[in-house]
> 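I am attaching a structure below and will ask some questions about it afterwards.
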Amino acid sequence: MRLICVVGARPNFMKVAPILEGAAAFPTIECTLVHTGQHYDERMSTLFFRELGLPQPDVYLGVGSGSHAAQTARVMLAFDEVLDTVPADWILVVGDVNSTLACSLVAAKRGVSVGHVEAGLRSGDRTMPEEINRILTDQLSDALFTTEREAEAHLAGEGIAPDRIHFVGNVMIDTLLRHRDSARARGFPRTLGLGPGEYAVCTLHRPSNVDEPAAAENTVAALDHLVRRLRTVLPLHPRTRARLASFGLLERLESMSGLVLVEPLGYLDFLALMDGARVVLTDSGGIQEETTVLGVPCLTFRENTERPVTVTQGTNTLVGTNPERVGAALDRLLAGELPAGRIPELWDGGSAKRILQVLADLEAASAG
Ligand code: UD1
């Protein structure tokens, strides 16, 4: 099987790393790595390649930033040319970013089979660009690899044949388990003067929370509730920084005593930071899953989640976007009302191997 693995943006790198590493044990699968360049700078991309031991991409498309339409279109044009020169039987895409959808659409129309890792997650909120990417990528996919049981029902409801769906667990957790000890050993929180359980971590970048002035004000008000209770580290996503600066809100953040503003962190230092935190406040998708496995309470600053297993089984609480509710949830946590989380089924470090086995079996079946 000639397989093209696609990465584009920061949350893709940790998902593809264990698949590429594991592929060495599957002699019938020959991988090519394509990086679309949706994220492109040192802190959003290069650092992750180094830390996760990812090989240099075989092909780099350099599409960069732009509107959703422009970015998606640029990936499509460039990836179409890749398929002219790199023969492929399958492509493997991960997650829900614009690159995921763009490459799936190009491949499907050229008769190249598509495998989607993290299929079937649904927030039910079509105002999220990622939700559109998820729904359409799943429709285009031939093999759908799911991380939690509920995903199967979403896919069935959208008419996906059950024999295309493979419940394999969570590849991002393969990477977390692999790097947890080395991340701890680097001791990043100590370099900020923070001991285990003494601080909070916050990440915010969802368009709905930062792209409009009123929403951004509201987000800063929620952050203020956190900072008044605990020293808080906030690695600032480049888009969040740009938006807050343009709304005149960055100065307010900079003047909050108890807030440690840092640049976007690499994988290992961010993992260690989460691991030692008393609580994490976030609007990210992946962080809801990582905190569940680390056993760290997570408050999700959104009205919905596409990852319900982190709430029903893990340490996640969906607090919504009302700052007062964030404050109340924090008070309950700090008073010792902690979620009794457990690790979801198959989040065990073996997911990449399961995906590769499915692909190897599909290859054997098509050859035979
Ligand atoms: C994308 C994903 C989102 C994911 C997030 C993680 C989509 C629709 N969204 O959103 O699902 O959670 O990545 O970060 O694909 N920028 C840099 N350096 C970079 C890349 C981007 O400074 O290396 C800045 C640019 O100013 C750009 C902005 O960040 O305008 C946004 O980047 P973009 O790729 O459009 O999407 P994200 O908002 O990061």
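Indexing begins at 1, ligand by ligand and atom by atom, following the structure's order.
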> Does a side-chain N-to-carboxylate-O contact under 4.0 Å join Arg302 and Asp125?
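Salt bridge: no.
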> Tell me every residue that passes salt bridge (Lys or Arg N to Asp or Glu O under 4.0 Å) with Glu303, counting only those two or more places apart in sequence or in another chain.
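With sequence neighbours excluded, Glu303 shows a salt bridge (Lys or Arg N to Asp or Glu O under 4.0 Å) to no residue whatsoever.
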> Side-chain atoms of residues 360-368: list all donor-acceptor pairs with protein atoms under 3.5 Å, sequence neighbours left out, distances to 0.1 Å.
from   : atom 1 : to     : atom 2 : distance (Å)
Asp361 : OD1    : Gln357 : NE2    : 3.0
Glu363 : OE2    : Met1   : N      : 3.4
Ser366 : OG     : Glu363 : O      : 3.1

> Should Glu21 and Lys353 count as an ion pair when the cut-off is N to O under 4.0 Å?
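No, no charged N to carboxylate O under 4.0 Å.
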> What pairs with Arg74 under side-chain contact (heavy atoms from CB on, under 4.5 Å), at least two apart in sequence or on another chain?
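If we apply the side-chain contact (heavy atoms from CB on, under 4.5 Å) test to Arg74, skipping adjacent residues, the hits are Val63, Ala70.
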> Name the residues with a heavy atom less than 4.0 Å from ligand 1?
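Contacting ligand 1 under 4.0 Å are Arg10, Pro11, Gln38, His39, Tyr40, Asp41, Met44, Ser65, His68, Gln71, Asp96, Val97, Asn98, Glu130, Asn133, His205, Arg206, His237, Pro238, Arg239.
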> Just say parallel, tilted or perpendicular for the rings of Tyr60 and His35, cut-offs at 30° and 60°.
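Correct class here is perpendicular.
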